[in-house]
Peer 1: 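Input: one structure, supplied below.
A, B, ... follow the sequence lines: proteins, then strands. Residue 1 opens every chain.
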There are 2 protein chains.
Amino acid sequence: MAKRRRVGNLMGLAILSAIVFRPMHPYEMAGTLRGWGKDRDFEIKWGSLYTVVRNLAKHDLIAEVESSREGRRPERTVYRITDEGRAELVDWARELLSEAEPEYPRFRAGLSVMAVLGPDEVVTLLRQRLAAVEREIAEAQAAHELHAPRVPRLFLIELEYDLAMLEAERAWMGSLIEEIDGGTLPGLDGWRHHHETGEVPAEMVELAEESVETYGDKK
Amino acid sequence: MAKRRRVGNLMGLAILSAIVFRPMHPYEMAGTLRGWGKDRDFEIKWGSLYTVVRNLAKHDLIAEVESSREGRRPERTVYRITDEGRAELVDWARELLSEAEPEYPRFRAGLSVMAVLGPDEVVTLLRQRLAAVEREIAEAQAAHELHAPRVPRLFLIELEYDLAMLEAERAWMGSLIEEIDGGTLPGLDGWRHHHETGEVPAEMVELAEESVETYGDKK
DNA sequence: GGCGTATTACTCGTTGCCGAGTATACGCAC
DNA sequence: GTGCGTATACTCGGCAACGAGTAATACGCC
């Protein structure tokens, strides 16, 4: 159950993993991460970068090395990782690899409100998304082939994970589209009827009322 | 490219999808969503609930119906959906079903810093997570079986998606564990050596330096 | 029938995220 | 040699998000 970290933003983990090799200033960290292609794994937002770096420093996970000023450029503060930072990096990695916290992908949210649209439109939309997913797969494959000859497999693992998940998504979406489009999805008529007339099938109303009560939660 | 919405929090979508049937007060919305099992799809945080409701109202996606006070209980404000809210719900659903915005699951972040740990420890950690994923699969399956006889398939789609993704994750993790544990992962010796001695394999240093420069980004 | 615990229903204050803005330097075209 | 686009490097303010707190009612149970 994901312990509360002094710096919670995953960008912090990315930063720690970058400066573990050598001291850097913030902008350089971001550049290095992009260079390693880690911007696939961590969202790099410029606004957050400096906030997170400041927080890491505040909690002594990184420390200021020097603050140089070249010409009239803005001041650049170089940071190095501390022992505490190294420990946090390792501990955080352990947590992320061993725990499976629930996440809330946007597509799942979309599926859960799918019924507000009609089945025909849903098929069209899903086809669009399927195409997008396929483009992503192609991109990821290209990236993998590009790097595979020179980069040790260890550092391509996330890409491989990504690919596996994207392929699973493609397969699942494909079969859903076929079920709706082919008319084999049970309850399709009720859905279409509801959408065309606005009538809510009787059993749903019932369900809606009752479920408020009956839902026993664990936790 | 995910348009900026007046209310960005997905909790807002969930609320709209709940009060589309009948007016409710905030606490009731949360209860209804939990009753429908939608807390698998949307994270319900009490702190956010009221903020989001207030924002929805501010932007006229929902409107106040009445504000009753029973006994000396805190005041309860009941909201209904507006036409604008209905339009937003539909538009938002369309977006989520058709677009594939990149997401950043925590496990991917973990994989991307995996190298800071040794291979043996990684195997142990992955086994833990695999067990957790398997528990989740079992739970999801149980939930599906419980509801399948009474709830139309349409409303179980997200659960099915969830299951498909979890199974894909299980399969992928299983094979990764085997590759590391069985010693067939290429570069395993280098990894182990690096971890035991702290030495960074020469080709990695090189890569680290060069990649900062060479990475040509698209976008 | 009194007491603890759960549930209902909401408020508030803090944290921190991040979009948008700023300002210099550099390359290269003409 | 000067204009202009792009890369470098960072600052800041507003607001969304949420944890923790509050306080009343209902409920179980000995």
Peer 1: Rounded to the nearest angstrom, tell me the gap between atom CZ in R34(A) and atom C1' in dA7(D).
Peer 2: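 That distance rounds to 11 Å.
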Peer 1: Using modelled atom types only, decide if a donor and an acceptor are shared between the side chain of H147(B) and the backbone of A143(B) within a distance under 3.5 Å.
Peer 2: yes
Peer 1: Answer yes when D60(A) and R6(A) have at least one side-chain N-carboxylate O distance shorter than 4.0 Å, and no when they do not.
Peer 2: no
Peer 1: Between E95(A) and R5(A) (salt bridge meaning N to carboxylate O under 4.0 Å), is one present in this structure?
Peer 2: yes
Peer 1: Looking at R80(A) and E64(A), is any side-chain nitrogen of the basic one under 4.0 Å from a carboxylate oxygen of the acidic one?
Peer 2: no
Peer 1: Rounded to whole Å, please give me the gap between OH in Y27(B) and P in dA23(D).
Peer 2: 18 Å
Peer 1: Check the distance between dA17(D)'s P and I44(B)'s CD1 and give it to me in whole angstrom.
Peer 2: 15 Å
Peer 1: Would you please confirm or rule out a distance under 4.0 Å between OP1 or OP2 of dT8(D) and any side-chain N or O of H25(A)?
Peer 2: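 It does not, given that no N or O in the side chain of H25(A) lies less than 4.0 Å from OP1 or OP2 of dT8(D).
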Peer 1: For Y50(B) and dA9(C), give me the distance from atom OH to atom P, rounded to whole Å.
Peer 2: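 One finds 8 Å between P of dA9(C) and OH of Y50(B), rounded.
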Peer 1: In a check of side-chain contact (heavy atoms from CB on, under 4.5 Å) between L111(A) and each of D41(B), I157(B), L154(B), L96(B), which one passes?
Peer 2: I157(B)
Peer 1: Any sub-3.5 Å donor-acceptor pair from H195(B)'s side-chain atoms to G118(B)'s backbone N or O?
Peer 2: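 At least one qualifying donor-acceptor pair exists.
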Peer 1: Hey, can you tell me if W46(B) and Y27(B) have their rings parallel, tilted or perpendicular (30° and 60° cut-offs)?
Peer 2: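 Answer is parallel, since the angle falls under 30°.
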Peer 1: Could you state the atom-to-atom distance from CH2 of W46(A) to P of dT22(C) in whole Å?
Peer 2: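 After rounding, the gap between these two atoms is 19 Å.
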Peer 1: When the distance from CE of M24(A) to C1' of dA9(D) is rounded to whole Å, what number comes out?
Peer 2: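 Checked: the CE to C1' distance equals 16 Å.
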Peer 1: Would you list the protein and nucleotides 15-17 of chain C atom pairs, both N or O, that sit under 3.5 Å from each other?
Peer 2:
from: dC17(C); atom 1: O5'; to: N9(A); atom 2: ND2; distance (Å): 3.3

Peer 1: Rounded to whole Å, how long is the line connecting atom CZ of R54(B) with atom C1' of dC15(D)?
Peer 2: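 The distance from CZ of R54(B) to C1' of dC15(D) comes to 13 Å, rounded to the nearest Å.
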Peer 1: Using C1' atoms of five pairs at each end, report the bend of the helix from dG1(C)-dC30(D) to dC30(C)-dG1(D) rounded to 10 degrees.
Peer 2: 20°
Peer 1: Once salt bridge (charged side-chain N to carboxylate O under 4.0 Å, His left out) is applied, what residue pairs with a partner in residues 159-170 of chain B remain, sequence neighbours excluded?
Peer 2: R108(A)-D162(B), R40(B)-D162(B), R129(B)-E169(B), R153(B)-E160(B), E167(B)-R170(B)
Peer 1: Report yes or no: does K38(A) contribute a side-chain atom to a donor-acceptor pair with the main-chain N or O of A14(A) at less than 3.5 Å?
Peer 2: no
Peer 1: Given atom CZ of R76(B) and atom C1' of dT7(C), what is their separation to the nearest angstrom?
Peer 2: 13 Å
